[in-house]
K.L.:
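Below you will find the structure I want to go over with you.
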Amino acid sequence: MCIRDRHWDVSPTNPDIYYLIYKNDKLIFPNTPLSAEVVRNRLQATFGHIKSKIVLEEDDILTIVVGDRDHFEDDLIGTLVLAPSKISKIINKTENTFSFDQVEKLSIEINRID
């Protein structure tokens, strides 16, 4: 994940970028917003080591929220809403890179488990 701007960031050297995944507006990863792992490498964050098993139904919508955890208040970096057609493209590996809000590039991998 590459971040475009950091005007919201008070401390650019501390690990503080995190993400949350919602399915149909219900938080599914992590268990609570405060338990989200935070990472940072300048304006890039890599979460490839984090894996989660998510059960998706045909009409489910995923929302990915990227944030910056500060001492007093979390800042929203961007929100990506994935409709079923986009989720299908990610699973089929025809489209898996997105740009939105202050996120310059976010790559997502979803693998089908039968």
Side-chain angles (χ1 to χ4, degrees):
M1 177 181 338
C2 295
I3 310 298
R4 184 177 304 121
D5 190 6
R6 67 172 184 206
H7 72 274
W8 33 260
D9 200 352
V10 176
S11 177
T13 58
N14 292 331
D16 59 357
I17 296 174
Y18 66 94
Y19 74 97
L20 307 172
I21 299 175
Y22 293 82
K23 181 173 88 170
N24 303 326
D25 296 326
K26 181 181 179 207
L27 180 65
I28 58 169
F29 183 84
N31 295 334
T32 68
L34 292 178
S35 65
E37 182 171 338
V38 292
V39 299
R40 180 181 197 104
N41 181 7
R42 299 205 179 191
L43 289 180
Q44 296 187 17
T46 302
F47 294 94
H49 61 287
I50 300 174
K51 309 242 185 280
S52 178
K53 187 174 183 179
I54 299 170
V55 177
L56 294 173
E57 301 296 327
E58 187 175 344
D59 294 327
D60 284 344
I61 295 173
L62 291 179
T63 303
I64 299 173
V65 175
V66 179
D68 170 70
R69 179 154 296 144
D70 290 328
H71 295 291
F72 302 108
E73 180 181 2
D74 287 0
D75 293 316
L76 177 65
I77 296 173
T79 301
L80 174 65
V81 178
L82 298 170
S85 60
K86 288 282 187 191
I87 295 170
S88 178
K89 289 179 179 181
I90 296 170
I91 292 171
N92 294 326
K93 301 192 184 335
T94 58
E95 182 180 359
N96 73 335
T97 303
F98 303 92
S99 176
F100 56 97
D101 302 331
Q102 295 178 66
V103 178
E104 190 172 298
K105 179 180 176 184
L106 173 67
S107 297
I108 302 171
E109 183 176 330
I110 301 176
N111 296 310
R112 171 177 261 151
I113 300 173
D114 294 324

K.L.:
Could you check if a side-chain atom of Val103 sits within less than 4.5 angstrom of a side-chain atom of Ile77, using non-hydrogen atoms only?
P.N.:
yes
K.L.:
Roughly how far apart are Phe29 CZ and Lys51 NZ, rounded to 0.5 Å?
P.N.:
10.5 Å
K.L.:
According to side chain to side chain contact (heavy atoms under 4.5 Å, CB included), who are the partners of Thr97, at least two apart in sequence or on a separate chain?
P.N.:
Lys105, Ser107
K.L.:
Could you list the residues that satisfy side chain to side chain donor-acceptor pair (under 3.5 Å) with Asn111, not counting sequence neighbours?
P.N.:
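For Asn111, the residues satisfying side chain to side chain donor-acceptor pair (under 3.5 Å) (neighbours in sequence not counted) are Lys93, Glu109.
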K.L.:
Quick one: does Ile50's side chain get under 4.5 Å of Val39's, heavy atoms only?
P.N.:
no
K.L.:
Does the side chain of Val66 reach to within under 4.5 Å of the side chain of Phe100, using non-hydrogen atoms?
P.N.:
yes
K.L.:
Using side-chain heavy atoms (C-beta onward) and a distance below 4.5 Å, is Phe98 in contact with Ile90?
P.N.:
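They are in side-chain contact.
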K.L.:
Filter on side chain to side chain donor-acceptor pair (under 3.5 Å), then keep only pairs touching residues 79-91, sequence neighbours left out; what's left?
P.N.:
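Residue pairs passing side chain to side chain donor-acceptor pair (under 3.5 Å), neighbours aside: Lys86-Glu95, Ser88-Asn92.
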K.L.:
Could you give the distance from CD1 (Ile108) to CG (Asn96), rounded to the nearest 0.5 Å?
P.N.:
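The CG atom of Asn96 is 7.5 Å from CD1 of Ile108, to the nearest 0.5 Å.
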K.L.:
I'd like to know whether Asp101 forms a side chain to side chain contact (heavy atoms under 4.5 Å, CB included) with Leu76, so could you lay out the CA-CA distance, the side-chain angles of the two residues, the decisive distance to 0.1 Å, and finally the verdict.
P.N.:
CA-CA 9 Å; Asp101 302 331; Leu76 177 65; 5.6 Å; no
K.L.:
Would you name the heavy atoms of Arg69 and Pro33 that are closest together and state the gap between them?
P.N.:
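Here Arg69 and Pro33 meet closest at NH2-O, 2.9 Å.
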K.L.:
Write out all pairs satisfying ring-ring contact (aromatic ring centres under 6.0 Å, His included) with one or both partners inside residues 47-67, taking only residues at least two apart or from two chains.
P.N.:
Tyr19-Phe47
K.L.:
With ILVMFWY side chains joined below 4.5 Å, transitively, what does Val81's cluster contain besides itself?
P.N.:
Ile61
K.L.:
Could you grab the distance from atom CG of Leu27 to atom CD1 of Ile21, nearest 0.5 Å is fine?
P.N.:
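If I round to the nearest 0.5 Å, the distance is 9.0 Å.
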K.L.:
Could you check if a side-chain atom of Ile54 sits within less than 4.5 angstrom of a side-chain atom of Ile28, using non-hydrogen atoms only?
P.N.:
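The answer is yes; the side chains approach within 4.5 Å.
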K.L.:
In chain order, what residues pass the salt bridge (Lys or Arg N to Asp or Glu O under 4.0 Å) check against Asp60, with sequence neighbours excluded?
P.N.:
Lys23
K.L.:
Closest approach of Leu20 and Pro30, non-hydrogen atoms and distance?
P.N.:
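Looking at all heavy atoms of both residues, the closest pair is CD2-CD, 3.5 Å.
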K.L.:
Which residues pass the side chain to side chain donor-acceptor pair (under 3.5 Å) test with Thr32, not counting sequence neighbours?
P.N.:
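Checked Thr32 against side chain to side chain donor-acceptor pair (under 3.5 Å); matches are Ser35.
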K.L.:
Please round to the nearest 0.5 Å and tell me the distance separating atom CD1 of Ile64 and atom OH of Tyr22.
P.N.:
12.0 Å
